[in-house]
There are 2 protein chains.
Amino acid sequence: MKYITIKDIAKKLNTSVSTVSRAFNDKSDINAKTKEVVLKTAKEMGYRQNRMAKNLVQRRSFNIGIVVPEFVNSFFPEVIMGAQDVLFEKGYQVLITQSNECYTTELKNVQSLENSMVDGLLISLSSETANIDYYQDLVNSGFPIIFFNRTYKEIKASKVLFNDYKWAMFATEHLIRQGYRNIYHFQGIKTLTLSRERRRGFMDAHKKHKITVEPHQVITSGFFMEDGEIIAKKLIKNNTIPDAIFAANDQLAIGAMNVFKNNGYKVPEDIAFIGFSESKMGSIVEPPLSSVKQPTFEIGKQAAKLLLDQIEAGNNHSPQTVMLDGELHIRESSQKKI
Amino acid sequence: MKYITIKDIAKKLNTSVSTVSRAFNDKSDINAKTKEVVLKTAKEMGYRQNRMAKNLVQRRSFNIGIVVPEFVNSFFPEVIMGAQDVLFEKGYQVLITQSNECYTTELKNVQSLENSMVDGLLISLSSETANIDYYQDLVNSGFPIIFFNRTYKEIKASKVLFNDYKWAMFATEHLIRQGYRNIYHFQGIKTLTLSRERRRGFMDAHKKHKITVEPHQVITSGFFMEDGEIIAKKLIKNNTIPDAIFAANDQLAIGAMNVFKNNGYKVPEDIAFIGFSESKMGSIVEPPLSSVKQPTFEIGKQAAKLLLDQIEAGNNHSPQTVMLDGELHIRESSQKKI
DNA sequence: TTGTAAGCGTTATCAA
DNA sequence: TTGATAACGCTTACAA
């Protein structure tokens with residue numbers, strides 16, 4: 001496979017590379033006829049611009065890299081679509097990369113993107129990521145980068161976050177107000193800031209209502225439906241049945257709900273459920289799952305905007321944190337019938 | 001933001017760029033001590049290799065581009081993960097791009113990837129894509145590219161496909177054998193080859209059993225849950241109620257099923273449902289949805305393998321089509337209770 | 001083992 | 001309006 005270059009075109013047309021280059025970049029003055037001929041010949045010859053070379057000399061790519069930990073759930077895809085919306089409009093292209101919740105892959109992805117000369121990065125960390133040195137160095141070196149959703153308090157950089165604490169508290173209070181007293185929290189992956197924040201909301205809601213929480217009421221796991229199923233089976237086996245469950249995401253809630261239903265428990269009569277990060281699944285499951293709705297598209301949009309600002313500002317910008325709010329969607333799974 | 005280059009390092013160390021370059025590429029002989037010093041200084045200075053420049057001279061990037069039409073449903077993410085598995089192992093990095101079912105975006109994505117000098121492309125076309133000239137040119141120019149799932153018969157290139165015809169036929173026959181006679185087909189987006197194949201399977205199953213199909217039994221729409229809902233509402237309004245529905249994907253089936261259920265129809269007693277491309281949603285909906293299971297990971301793996309073969313082979317390869325098979329997962333939504 | 005210099009495909013500067 | 005030519009940051013003969 002042979003690359004056709006502007007040199008080849010220039011040779012064929014008996015002109016110079018600069019003339020050919022001009023034909024492709026509307027800027028410099030060039031004879032309309034010359035331009036036409038060049039463009040036509042280029043097409044005939046099957047010329048395709050080599051962006052690497054162009055980027056190399058212009059020192060920017062108009063590409064933005066996005067790194068997410070997974071995209072099998074619709075959460076991250078929606079965020080990405082939000083980001084694409086504002087990025088496309090400004091002429092940027094988006095390169096997406098997923099780490100499969102693996103730190104090594106994540107790092108490789110970031111480096112691959114960096115080396116591809118993306119002009120900036122939007123990143124949500126994998127559940128495995130514990131060492132943030134690389135990212136902090138990157139930020140400190142002046143590379144434009146925005147962290148969203150999955151991040152660490154310790155990182156000094158711009159972030160777009162959801163107010164996990166507040167909405168976890170609201171969700172828990174909703175259950176308490178319905179009269180539930182033996183509420184369990186499925187917190188997912190323990191180490192993430194967002195998990196800790198949701199857990200804190202869960203705890204403080206109890207504190208506020210002067211209800212004590214036993215350690216066994218908070219259960220750690222992964223973030224998938226299967227994890228919820230495993231927990232539910234264990235609870236049934238040990239015959240420790242909560243009267244309500246607040247899960248750190250819908251997948252966990254749904255997995256557990258299915259197991260309990262299959263074992264004869266009624267929802268919400270025997271056990272109430274509330275999830276987090278409202279997903280499409282939550283609306284089709286029976287009964288429909290209450291959940292905290294996160295503004296996924298908006299998260300993507302805000303992150304993209306922050307990033308573009310940062311790219312424009314160059315070195316004179318200071319880290320900013322955008323904190324977004326959601327909605328509590330109460331559905332049948334958590335409503336005491338009177 | 002200033003890039004540190006090997007030149008900077010060379011200057012600081014009073015050595016040549018080639019020595020520095022050697023230190024980073026284990027190949028050429030270089031004094032162990034020199035190498036050590038270079039690497040250390042590089043780290044101190046915050047050097048980061050510019051892959052664009054490297055790629056430019058080496059004329060390859062070890063990056064593979066993937067283009068999908070959407071990834072809010074889990075189908076494409078799963079395919080991508082399959083592809084990543086085999087690509088990572090061979091040292092390739094993956095850049096994902098989504099077209100949002102839009103031809104213009106798709107084309108931009110492809111060009112962006114091409115220009116980023118990806119070594120090859122895995123692509124599934126948007127529902128809007130009608131003109132395939134660009135892709136055919138690309139293929140003809142010798143660029144390694146594999147089409148999967150969403151493609152056109154007309155494109156002369158390597159493909160990884162699912163046997164849509166056969167499994168659509170099986171799914172329909174399953175309904176016929178259960179005794180259903182007034183079966184509707186939600187075919188999704190009409191123009192795609194896969195839609196046409198599934199439709200053909202639906203028709204031929206009827207033909208085989210000598211049942212006539214009226215034109216109004218085949219309904220065109222988009223591919224989302226909302227589309228299924230709209231169709232169902234229309235059918236109810238017109239009081240033309242099928243006794244069974246074979247939908248081109250699970251989303252359509254679920255959308256319609258929910259509307260029918262909310263309007264008092266029993267599934268499968270009043271209407272039976274069977275979907276396609278088994279999704280997680282299908283297993284949590286009530287009653288669980290019968291569906292044709294596609295080997296998503298395997299599709300990705302096969303596509304990646306084909307691509308790597310093609311990259312290795314250079315010009316002496318001929319287009320290959322891999323046709324994969326699935327499974328019919330019969331669940332409650334299509335089982336006549338006796 | 002190291003250094004020099006050419007070249008990858010562009011754009012950009014300066015003359016012509 | 002065009003053409004030479006020097007970059008961009010890197011690798012790689014070839015020479016020392």
Side-chain angles (χ1 to χ4, degrees), chain A residues 1-39 41-42 45-63 111-112 114-119 141 143, chain B residues 1-39 41-42 45-63 111-112 114-119 141 143:
Chain A
M1 175 183 172
K2 159 111 180 67
Y3 283 101
I4 308 288
T5 72
I6 51 173
K7 239 184 218 161
D8 299 324
I9 303 177
K11 198 176 287 171
K12 180 151 195 172
L13 253 37
N14 236 320
T15 175
S16 73
V17 289
S18 14
T19 302
V20 177
S21 173
R22 278 182 193 110
F24 290 112
N25 303 279
D26 299 325
K27 40 175 70 178
S28 309
D29 295 317
I30 179 176
N31 184 302
K33 208 151 207 169
T34 319
K35 181 173 169 177
E36 199 180 314
V37 176
V38 171
L39 258 32
T41 325
M45 296 177 73
Y47 168 75
R48 206 164 298 125
Q49 189 181 55
N50 184 325
R51 189 82 68 95
M52 311 284 280
K54 183 175 183 161
N55 292 348
L56 190 57
V57 31
Q58 301 199 145
R59 305 163 118 254
R60 71 178 309 179
S61 66
F62 271 96
N63 278 157
Q111 288 168 339
S112 173
E114 267 183 77
N115 296 336
S116 293
M117 273 186 134
V118 291
D119 296 342
S141 81
F143 190 80
Chain B
M1 177 182 168
K2 159 110 180 67
Y3 281 101
I4 308 288
T5 74
I6 52 173
K7 237 185 219 162
D8 298 324
I9 303 178
K11 198 177 286 172
K12 179 150 193 174
L13 253 38
N14 238 317
T15 177
S16 72
V17 289
S18 29
T19 302
V20 177
S21 172
R22 276 180 194 115
F24 290 112
N25 304 281
D26 300 326
K27 39 175 71 176
S28 309
D29 295 317
I30 179 176
N31 185 303
K33 210 151 206 170
T34 319
K35 180 172 170 180
E36 198 179 316
V37 175
V38 171
L39 259 33
T41 326
M45 297 177 71
Y47 169 74
R48 207 165 297 126
Q49 190 181 56
N50 184 323
R51 191 81 69 91
M52 311 283 280
K54 183 175 182 159
N55 293 348
L56 189 58
V57 28
Q58 299 196 147
R59 306 162 118 253
R60 72 178 305 180
S61 68
F62 272 97
N63 279 157
Q111 288 168 338
S112 173
E114 266 183 78
N115 295 337
S116 293
M117 275 189 134
V118 291
D119 296 342
S141 80
F143 190 80

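Just so it is clear: chains get the letters A, B, ... in the order the sequence lines come, proteins before strands, and each one is counted from 1.
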Sugar-phosphate only, base, or nothing, as touched by A:Ser18 at under 4.0 Å among non-hydrogen atoms: base
Nearest to side-chain heavy atoms of A:Ile6, which nucleotide of C:dT2, C:dT11, C:dG9: C:dT11
Verdict with supporting geometry, B:Ser21 and B:Ser18, side chain to side chain donor-acceptor pair (under 3.5 Å): CA-CA 5 Å; B:Ser21 172; B:Ser18 29; over 6 Å; no
side-chain N/O B:Thr5 vs D:dG9 OP1/OP2, d < 4.0 Å: no
Closest to the A:Arg22 side chain, choosing from C:dT11, D:dA13, D:dT2: D:dT2
OP1 or OP2 of D:dT11 under 4.0 Å from side-chain N/O of B:Ser21: yes
Integer-rounded Å distance: C:dT1 P and B:Lys35 NZ: 12 Å
Any B:Lys7 side-chain N or O less than 4.0 Å from OP1/OP2 of D:dG9: no
Sugar-phosphate only, base, or nothing, as touched by A:Tyr47 at under 4.0 Å among non-hydrogen atoms: sugar-phosphate
Atom-to-atom span, CD of A:Glu114 to C1' of D:dG9 - whole angstrom: 16 Å
A:Thr19 side chain, from C-beta outward: closest of C:dT4, D:dT11, D:dT2: D:dT2
B:Arg22 charged N/C atom sitting above B:Phe24 aromatic ring, 6.0 Å / 45°: no
Toward the 5' end of DNA chain C, by each residue's nearest nucleotide, B:Val57 or B:Thr15: B:Thr15
Residue met sooner reading DNA chain D from 5', once A:Thr34 and A:Val17 are mapped to nucleotides: A:Thr34
B:Arg59 vs D:dT11: side-chain N/O to OP1/OP2 distance below 4.0 Å: no
Protein-nucleotide distance (A:Asn55, atom CG; C:dG9, atom P), rounded to Å: 15 Å
Nearest-nucleotide pick for A:Asn50, side chain only, options being C:dT11, C:dG9, C:dT2: C:dG9
Along DNA chain C (nearest heavy atom to each residue), the more 5'-positioned of B:Ala53 and A:Gln58: B:Ala53
